[in-house]
Amino acid sequence: MTKDSNGYWSISLPLHAGGLSYWYRVWDPTQGWVNKRIWDPASTKPRPAGQSSFRVRNNDVLDAVYVPYAEKQNDPVLKARAEYELPVADPSQRGTVQYVPYTTILGDSGHYLGVYLPANYDPDRAEPYKVVYLAHGIFGDETDFMVPGNVPNILDNMIAKGEIEPTVVVTMGNHFTGTSLGAASYNQTNAANNLVQVILPFIEKNYNVSTTREGRAYGGFSYGGMTGGVVIRNYPTTFGFYAHFSGNPSLTTQDYDNIAAAVGDDDLFVFLGNGVFEGNLNAQNTIANNFRARGFAAETTQVPGAHDSMTAGQLFTIFARDHLWTGVDSVSVTPASANLTQGWNWVRRFRADVTTNDGVSKAVTWAVKGATSAGTTISADGRLSVAADETASSLTVVATSVVDPTKAGSAQVALTPAGTARTVVKANAAPASIVGGGTFTLNVDVRAQSQHRTAPTVTGEIAVTFGGTTQVVSLTDGTAVVTLPTAGLSTGVYPVHIAYSGDPTYAPDAAVHQHLRVR
């Protein structure tokens with residue numbers, strides 16, 4: 001370290017991007033501090049009042065610093081961590097954290113619940129907020145997920161991106177079985193009962209949060225993940241989502257069967273994961289398979305990390321972003337169907353209608369399936385281009401939610417061979433000459449050269465090109481009226497090109513039918 005002229009010490013260290021936990025160790029005889037861990041005095045993070053929280057009593061407090069991503073790190077994992085773990089850029093999109101006193105199931109006061117409320121939290125909102133209850137590891141407390149675990153920043157960023165609907169988070173300290181600082185003060189059964197019998201009613205009385213299992217999630221790190229096994233065994237219908245970060249539930253075959261019987265046809269999702277330095281995922285995969293065998297969804301994953309809050313934060317990011325409620329209810333595509341003929345360069349615009357909760361992105365990705373031609377594509381805004389050499393008899397246009405890829409809608413496009421019967425295309429624009437800025441009116445009449453007994457009326461569409469702009473108009477009883485604006489056109493003569501196609505009986509046609517003067 002280097003001491004400057006003002007007496008301050010400094011050191012420069014290379015740090016990886018994302019949230020990093022740290023603390024100060026202080027020796028201060030005036031306060032009787034010997035190797036005392038303290039929070040950063042400059043930190044603005046909320047803390048539980050007083051000195052009763054477990055980490056304070058255990059001389060084990062943790063703060064967090066946020067390191068931006070540098071391109072020279074060239075690491076997609078670190079880039080993603082910085083994207084979620086650093087404070088969201090817009091202060092108005094940041095939620096709030098508060099610590100609320102309450103009395104535990106054992107009748108002890110002086111304990112606190114951490115409560116994260118999303119930006120613009122509305123206590124009177126008609127739809128209650130979904131809520132996640134998070135439990136710390138063996139020597140943690142209610143600050144773990146809020147500070148070194150970076151959950152407030154993670155959710156702020158997800159909500160701002162529209163990746164998850166605004167969500168409330170509740171953290172609790174589970175060291176209330178006696179006053180010791182050892183592992184025995186964290187009793188898993190007491191913690192599970194306290195959560196369901198005391199914390200849930202307290203939060204649901206004082207905050208606008210969901211009271212249904214579909215709107216509740218439980219997550220725990222290490223010993224908190226193991227406690228989740230007690231919760232799901234003893235209260236199988238209380239939560240719809242479970243996350244076990246670096247701490248696996250201990251369940252017997254009978255436990256799995258009992259859970260399945262209690263949950264029945266309702267949905268249940270279980271997430272398990274750890275850091276790469278904690279070992280393989282064999283145990284997690286076995287647990288996941290036990291749930292899958294009983295008809296429930298389960299996922300496992302591993303992140304770069306060890307047994308600490310940085311791993312917990314990364315796992316929470318994946319759990320919340322990829323598996324929790326997304327707020328996307330449905331995706332549909334309009335029009336739901338289209339009938340086109342082969343051998344023509346078609347263009348069709350499709351619209352995605354996405355039903356979401358407030359604050360959730362309606363963005364979709366588009367895809368076209370079944371095409372045989374490389375020229376058949378769909379744009380990012382739903383504009384389908386069908387190539388003239390497309391030989392497929394049908395195409396499927398798919399819109400998939402960006403937030404929730406399990407939600408998608410589709411439209412069917414039928415492609416039939418064009419007919420061979422000839423047509424006569426007549427077109428006349430009036431007036432033939434107009435002052436720039438005016439509008440021509442073009443009347444188009446498409447009739448059968450020889451009327452076909454099974455299709456006496458010509459159907460399909462015309463593509464009218466004038467002044468560098470093309471309009472596509474459907475025929476009604478073989479006719480169409482098209483307006484041709486001249487705004488922006490210079491003085492001169494412009495051809496009117498009309499292309500006809502779209503009827504399985506009649507052959508396509510294309511020609512210049514008139515020249516119009518702009519003066």
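Side chain of Thr376 to backbone of Ala387: a donor-acceptor contact under 3.5 angstrom is found. Put simply, the side chain of Asn258 never gets that close to the backbone of Asp255: no donor and acceptor are under 3.5 Å apart. Side chain of Asp257 to main chain of Ala260: no donor-acceptor pair is present (N/O by atom type, distance under 3.5 Å, no hydrogens or angles). No donor-acceptor pair under 3.5 Å is formed between the side chain of Arg216 and the backbone N or O of Val131. Checking side-chain atoms of Tyr223 against main-chain N and O of Gln188 turns up no donor-acceptor pair under 3.5 Å. Remark: side-chain polar atoms of Arg294 are not paired, donor with acceptor, to backbone N or O of Ala261 under 3.5 angstrom. Remark: the backbone N or O of Asp156 is not paired with any side-chain donor or acceptor of Arg94 at under 3.5 angstrom. No donor-acceptor pair closer than 3.5 Å links the side chain of Gln31 to the backbone N or O of Trp33. In terms of modelled atom types and a separation under 3.5 Å, the side chain of Gln98 and the main chain of Pro46 share no donor-acceptor contact. Proximity of a side-chain donor or acceptor of Thr143 to a complementary backbone N or O of Val147 within less than 3.5 Å is not detected.
Heavy atoms only, all atoms of each residue included: Ala135 and Phe145 are closest at O-CE1, 3.2 Å. The two atoms that bring Ala217 and Leu324 nearest to each other are CB-CD2, 3.7 Å, heavy atoms only. Smallest separation of non-hydrogen atoms from Ala411 and Val333: CB-CG1, 3.7 Å. Between Ile378 and Gly382, the shortest heavy-atom distance links the atoms CG1-C, 3.9 Å. Of all heavy-atom pairs spanning Ala352 and Val364, the tightest one is CB-CG2, 3.8 Å. When all heavy atoms of Ser250 and Arg233 are compared, the pair lying nearest together is O-NH1, 3.4 Å.
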Could you walk me through whether Asp4 and Ser10 pass the side chain to side chain donor-acceptor pair (under 3.5 Å) check?
CA-CA 8 Å; Asp4 64 21; Ser10 65; 6.0 Å; no
Given Thr237 and Asp266, is the side-chain contact (heavy atoms from CB on, under 4.5 Å) satisfied, shown in steps?
CA-CA 9 Å; Thr237 61; Asp266 288 339; over 6 Å; no
Decide side-chain contact (heavy atoms from CB on, under 4.5 Å) for Glu299 and Asp322; before the verdict, give the C-alpha distance in whole Å, the side-chain angles of both, and the deciding distance to 0.1 Å.
CA-CA 10 Å; Glu299 294 292 338; Asp322 299 344; over 6 Å; no
Just do the side-chain contact (heavy atoms from CB on, under 4.5 Å) check on Arg55 and Trp39 with the steps written out, would you?
CA-CA 11 Å; Arg55 281 197 175 276; Trp39 285 308; 5.6 Å; no
Audit row: Trp325, Glu214, side-chain contact (heavy atoms from CB on, under 4.5 Å) steps and yes/no
CA-CA 9 Å; Trp325 40 78; Glu214 295 81 7; over 6 Å; no
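Atom CG in Asn190 sits 9.5 Å away from atom CG in Asn174 (nearest 0.5 Å). Rounding to the nearest 0.5 Å gives a distance of 8.0 Å between CH2 of Trp9 and OG1 of Thr2. The CG atom of Leu384 lies 6.5 Å from the CG atom of Leu395; values are rounded to the nearest 0.5 Å. The NZ atom of Lys407 sits 13.5 Å away from the OG atom of Ser332 when rounded to the nearest 0.5 Å.
Remark: Tyr66 engages no residue in a ring pair (Phe, Tyr, Trp, His ring centres under 6.0 Å) (not counting sequence neighbours).
A 4.5 Å side-chain heavy-atom check between Ile232 and Phe291 finds at least one atom pair inside the cut-off. The shortest side-chain heavy-atom distance between Pro304 and Gln314 falls under the 4.5 Å cut-off. Pro128 has its side chain out of reach of Val209: every pair of non-hydrogen atoms, C-beta onward, lies at least 4.5 Å apart. You'll find the side chain of Asp63 reaches within 4.5 Å of the side chain of Arg47, heavy atoms only. You'll find the side chain of Val168 reaches within 4.5 Å of the side chain of Pro118, heavy atoms only. In this structure the side chain of Leu195 reaches within 4.5 angstrom of the side chain of Leu200, judged on heavy atoms. Looking at heavy atoms from C-beta onward, Val368 lies out of side-chain contact with Val413 at the 4.5 angstrom threshold. By the 4.5 Å heavy-atom criterion applied to side chains, Arg81 and Thr317 are not counted as neighbours.
The closest side-chain donor-acceptor pair between Thr104 and Asn194, if any, does not fall under 3.5 angstrom. Checked by atom type, the side-chain pair Asn157/Tyr84 shows no donor-acceptor distance below 3.5 Å. Between the side chains of Tyr22 and Asp40, at least one donor-acceptor pair of N or O atoms lies under 3.5 Å. A donor and an acceptor atom, one from each side chain of Asn59 and Arg37, are nowhere located under 3.5 Å apart. A donor-acceptor contact closer than 3.5 angstrom is absent between the side chains of Glu163 and Ser361. Asp144 and Thr171 form no side-chain donor-acceptor contact under 3.5 Å, judged by distance and modelled atom types alone. Between the side chains of Thr286 and Asn289, no donor-acceptor pair is found at a separation under 3.5 Å.
Ring orientation note: the planes of His244 and Tyr242 are close to parallel, at an angle under 30° on the 30°/60° scale. Using cut-offs of 30° and 60° on the angle between ring planes, the pair Phe271 and Phe319 is tilted. Using the six-membered ring where Trp is involved, Phe54 and His175 have ring planes that are parallel, under 30° apart on the 30 and 60° scheme.
Screening Val276, Asn274, Ile318, Val77 for a side chain to side chain contact (heavy atoms under 4.5 Å, CB included) with Val303, the sole residue that qualifies is Ile318. A side chain to side chain contact (heavy atoms under 4.5 Å, CB included) with Leu272 is found for one member of Ile287, Thr301, Leu281, Leu315 and no other, namely Ile287.
Few gaps surround CZ on Arg25; more than 12 heavy atoms of other groups in view lie less than 6.0 Å from it. More than 12 heavy atoms of other shown residues, nucleotides or ligands fall within 6.0 angstrom of atom CG in Asn6. Around atom NZ of Lys369, no more than 12 heavy atoms belonging to other residues, nucleotides or ligands sit under 6.0 Å away. Remark: Lys79 NZ is loosely packed, at most 12 non-hydrogen atoms of other residues, nucleotides or ligands lying under 6.0 Å away. Heavy-atom contacts from other residues, nucleotides or ligands closer than 6.0 Å to CG of Asn120 number 12 or fewer.
Here Asp28 does not pair with Lys36 in a salt bridge; the nearest charged N to carboxylate O distance is not below 4.0 Å. Of the charged side-chain nitrogens involved, at least one lies within less than 4.0 Å of a carboxylate oxygen, so that Asp381 and Arg349 count as a salt-bridged pair.
The list of ring pair (Phe, Tyr, Trp, His ring centres under 6.0 Å) pairs with a residue in residues 92-114, not counting sequence neighbours, is empty. Sequence neighbours left out, the pairs with a member in residues 123-140 that pass side-chain hydrogen bond (donor to acceptor under 3.5 Å, both in side chains) are Lys130-Glu165.
In this structure, the ring of Phe277 has its center no less than 6.0 angstrom from the ring center of His307.
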